[in-house]
Protein chains: 2
Amino acid sequence: MSNGVAQPSRRPTRARSIIRATLDSTDRFMSAQRLHEMITEQGEDVGLATVYRTLQLFADDGEVDCLRDSDGEMLYRKCVREAHHHHLICRRCGVTKELEDLTIEQWADAVAAKHGFSSVSHTFEVYGVCADCQAAG
Amino acid sequence: MSNGVAQPSRRPTRARSIIRATLDSTDRFMSAQRLHEMITEQGEDVGLATVYRTLQLFADDGEVDCLRDSDGEMLYRKCVREAHHHHLICRRCGVTKELEDLTIEQWADAVAAKHGFSSVSHTFEVYGVCADCQAAG
DNA sequence: ATCCCTGCAAAGTCTTTGCACTCCC
DNA sequence: GGGAGTGCAAAGACTTTGCAGGGAT
């Protein structure tokens, strides 16, 4: 089924370059709507549907990381690393740190296997208030 | 702000007892819509809005656990344990196992502290296909 | 009687989809 | 020119909200 090899053709277009540039302009996770808002504020014009579609493509290609916030809204951010990893996210300002730790992955797989589960995946995110936001009150 | 002491009055009503009974009839996480479906299948009649409202109340009271599935939909289940814990959830049938492991909690707190974050919380859920579902094809 | 609770339907969000047009190769 | 890409508006899914009637204390 999916061998992860073939990749559909991706044409370089105006919309994609704008979206990519906007993603690059910050290191925070943003919703599709917020990203679209930023693009509009820059005086550019890209359809909201295109933003959604493009973010999904980028996510499929591993070009952006995505996660859901506590409201269930999907958030996207340019991907910094290739490997699977998790995030430490500031609730206040949205700044994120990438966490690396194989223990979590291994533990998740192991505990799932122990219970006879297969096709295992997991979600793991850590939220808090970063040092800067604490200092800022 | 919130001292977790005062509790609004909760009247025992028909809808609430039906919802509670339906929650008790399974150990799986269910969406509000699925729960409403089950109630209807039982021949009972409770409005969908009431199911949503009641599940929120129950969640506030700590009577049910809730989490979001990978589609962002909220799932509820009667609360089994007091302590903070995580879940191993079958994507196919929704059956869940509760996971206990202090390592995750400690690691999350430690790594957050290392980055200067405070007021730390985290989300962690493991998804897979349970043995029964695999056997069932 | 009072105020909480419920049902129904309308409204709100976030997101996806259909379709015609446009642009890249 | 052909098919990927885009924009717009409509549609979908989940959830919340407004309001009037019904039930618990």
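Scope of the values below: all heavy atoms of this structure, side chains included, with no hydrogens, waters or symmetry mates.
For A:Arg10 and D:dA4, the CZ to P distance is 11 Å, given to the nearest whole Å. Atom P of nucleotide D:dG7 and atom CG of A:Asp45 are separated by 7 Å, given to the nearest angstrom. C:dC14 atom C1' lies 14 Å from atom CD of A:Glu37, rounded to whole Å. The interatomic distance linking A:Arg16 (CZ) with C:dC23 (P) rounds to 15 Å, in whole Å. Atom CG in A:Asp69 sits about 11 Å away from atom C1' in C:dC14, given to the nearest Å. Rounded to whole Å, the distance from NE2 on A:His36 to C1' on C:dT16 is 15 Å.
Ring centroids of A:Tyr127 and A:His87 are separated by 6.0 Å or more, keeping the two rings apart. Between A:His122 and B:His86, the distance separating the two ring centers is not shorter than 6.0 angstrom.
For the pair A:Leu99 and A:Val126, the minimum side-chain heavy-atom distance is below 4.5 Å. Between A:Trp107 and B:Trp107 the shortest side-chain heavy-atom distance does not fall below 4.5 Å. Here the side chains of A:Leu23 and A:Phe58 are in contact, with some heavy-atom distance below 4.5 Å.
Ion pair A:Glu125/A:Arg68 not flagged as a salt bridge, since none of the NZ, NE, NH1 or NH2 atoms sits closer than 4.0 Å to an Asp/Glu carboxylate oxygen.
From A:Thr26, atom OG1 reaches atom CE of A:Met38 across 6.0 Å, with rounding to the nearest 0.5 Å.
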How does each nucleotide of nucleotides 20-25 of chain D score, in 5' to 3' order, for protein heavy atoms under 4.0 Å: base (B), sugar-phosphate only (S), or none (-)? ---BBS
Between protein and nucleotides 10-17 of chain D, map the contacts as a letter string: B base, S sugar-phosphate only, - none, heavy atoms under 4.0 Å, written 5' to 3'. ----BBBB
Applying salt bridge (charged side-chain N to carboxylate O under 4.0 Å, His left out) to B:Asp27 and B:Arg77, what does each step give before you reach the verdict? CA-CA 7 Å; B:Asp27 55 355; B:Arg77 198 191 64 160; 5.9 Å; no
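Using a 4.0 Å heavy-atom criterion, one finds that B:Asp71 contacts no nucleic acid atom at all.
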